[in-house]
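Chain letters run A, B, ... following the sequence lines, proteins first, then strands; residues in each count from 1. As a basis for the values below, the full set of heavy atoms in this structure was taken, side chains included, without hydrogen atoms, waters or symmetry mates.
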2 protein chains.
Amino acid sequence: MTAPRRRGRPGHDQDAVLTAAVRLFNEQGYDATSMFEIAESLGITKSSVYHHISGKEQLLQMAMDRALDGLFEAAEDVRELDLPAIERLERLIRSSVLVLAERFEFVTVLLRVRGNTEVEQHALTRRREFDAVVTELVKQAQAEGDVRPDVDPATAARLLLGMVNSLTEWYRPRPGGAEAIADAVISIAFEGLRM
Amino acid sequence: MTAPRRRGRPGHDQDAVLTAAVRLFNEQGYDATSMFEIAESLGITKSSVYHHISGKEQLLQMAMDRALDGLFEAAEDVRELDLPAIERLERLIRSSVLVLAERFEFVTVLLRVRGNTEVEQHALTRRREFDAVVTELVKQAQAEGDVRPDVDPATAARLLLGMVNSLTEWYRPRPGGAEAIADAVISIAFEGLRM
DNA sequence: TTGATAACCGACCGATCGTTCGGTAGATAT
DNA sequence: ATATCTACCGAACGATCGGTCGGTTATCAA
């Protein structure tokens with residue numbers, strides 16, 4: 001397991017910049033984080049940061065892509081399964097929790113953008129596509145008689161994802177912690193809190 | 001129903017500035033909204049805005065206070081009831097949905113602050129106090145045998161509030177719409193999605 | 001030793017931001 | 001008429017921001 005031994009002067013690479021930036025974005029918000037602070041946290045100057053990236057917005061773009069790619073991979077995995085819709089729904093919700101835990105800081109960045117720029121708009125569009133996948137699963141499960149018919153599928157999907165996405169507000173990554181949270185989410189969402 | 005007829009030159013008041021500001025905060029984010037834009041949306045100049053308020057942060061403060069006051073009023077109302085904990089929990093969750101719908105734009109502002117300044121820190125502290133109230137209700141309901149014992153009360157409280165708070169991401173105020181959403185939240189959270 | 005490569009730096013620029021200040025405009029009350 | 005009150009404006013400020021540019025430094029391969 002030796003280091004890959006890159007050419008040229010050793011130092012930080014693009015991924016290091018992204019990691020540092022994302023951490024600050026989540027601590028202070030994207031707008032409130034300056035390129036100077038990103039550079040400072042890496043021990044280099046502002047202009048050195050621009051050697052690794054093209055601009056601040058690219059950092060946002062890369063962070064959101066890593067989050068969205070993980071979520072869509074999970075959706076794709078579930079789509080190939082030959083199972084009742086409610087089972088696929090349950091697995092997708094579970095996977096979403098695990099992806100959120102695994103790519104915690106990237107997902108957190110994603111869930112805070114407001115569509116201010118074109119880059120953010122595009123991310124919001126992809127988010128809505130993911131929402132639609134979940135909504136469709138709820139609808140199917142309802143048609144199959146496994147989900148109570150008195151709730152609107154779109155509303156249920158949004159509330160389910162609201163529960164999952166709220167993890168970014170309070171979950172702190174710990175080994176094995178994600179599975180316990182996923183269990184709680186599935187338990188409450190599908191069986192309810194009441195005994 | 002005549003206008004209150006104030007003294008002096010007619011025009012906007014502090015509440016008008018707050019309303020305009022909060023709308024922009026929610027569309028673009030607090031940091032991304034300039035005092036110029038707030039003034040522009042009111043048809044006055046930037047310096048005129050400062051006649052009504054002391055600064056940008058005061059607008060944030062006022063918005064968050066309106067949201068938090070509503071939530072704590074709901075918590076207080078529930079506290080006085082002589083009912084099983086699960087009933088009080090259910091009513092508090094329902095009230096939270098209604099407060100969120102009623103003071104939608106203020107709550108939305110509140111739920112997006114990251115604790116960057118002292119004002120924001122103080123709001124986060126009050127939010128955590130509200131969370132603790134919900135957690136305590138879950139714990140009591142569990143002790144009374146009405147909530148499944150296999151979920152951690154703090155986790156359950158956070159997931160419940162996560163569901164409720166997610167409304168700011170997709171709910172659009174409509175007359176009578178809040179009650180339907182509240183029903184869906186209560187239904188899923190307490191009885192579960194599965195039939 | 002030399003050339004290529006990759007990381008870094010200091011100085012600077014134009015734009016935007018929140019805020020201040022001194023003064024003006026329009027309404028009501030006396 | 002006049003005093004009072006409220007709302008408004010133009011001009012300017014210091015600070016901060018994202019980004020650019022030309023040049024320097026450290027490592028590896030030949």
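Between B/Val49 and B/Lys46 the shortest side-chain heavy-atom distance does not fall below 4.5 Å.
Annotation for B/Leu18 and B/Ala63: closest pair CD1-N, 4.1 Å, computed over non-hydrogen atoms. B/Ala85 and B/Leu137 make their closest contact through CB-O, 3.8 Å (heavy atoms, listed as atom of the first residue, atom of the second, distance).
Here the C1' atom of nucleotide D/dC17 and the OH atom of A/Tyr50 are 9 Å apart, to the nearest Å.
For the contact set between residues 23-42 of chain A and DNA chain C, defined by any heavy atom under 4.0 Å, there are no members.
Looking only at distances, no side-chain donor or acceptor of B/Thr108 sits under 3.5 Å from a matching main-chain atom of B/Thr168. A distance-only check finds no donor-acceptor pair linking the side chain of B/Gln61 to the backbone of B/Glu57 [under 3.5 Å]. Here the side chain of B/Gln58 pairs a donor or acceptor atom with the backbone of B/Ser54 at under 3.5 angstrom.
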query: Nucleotide by nucleotide, 5' to 3', does protein get under 4.0 Å of the base (B), only the sugar-phosphate (S), or neither (-) in nucleotides 2-15 of chain C, counting heavy atoms?
result: ---BBBBBB-----
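Ion pairing between A/Asp15 and A/Arg66 holds under the 4.0 Å rule for side-chain N and carboxylate O.
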Enumerate, atom names and distances included, each donor-acceptor pair closer than 3.5 Å involving a side-chain atom of residues 178-190 of chain B, sequence neighbours excluded.
residue: B/Asp183; atom: OD1; partner: B/Arg94; partner atom: NH1; Å: 3.1
residue: B/Asp183; atom: OD1; partner: B/Arg94; partner atom: NH2; Å: 3.0
residue: B/Ser187; atom: OG; partner: A/Arg148; partner atom: NE; Å: 3.3
residue: B/Ser187; atom: OG; partner: A/Arg148; partner atom: NH2; Å: 3.2

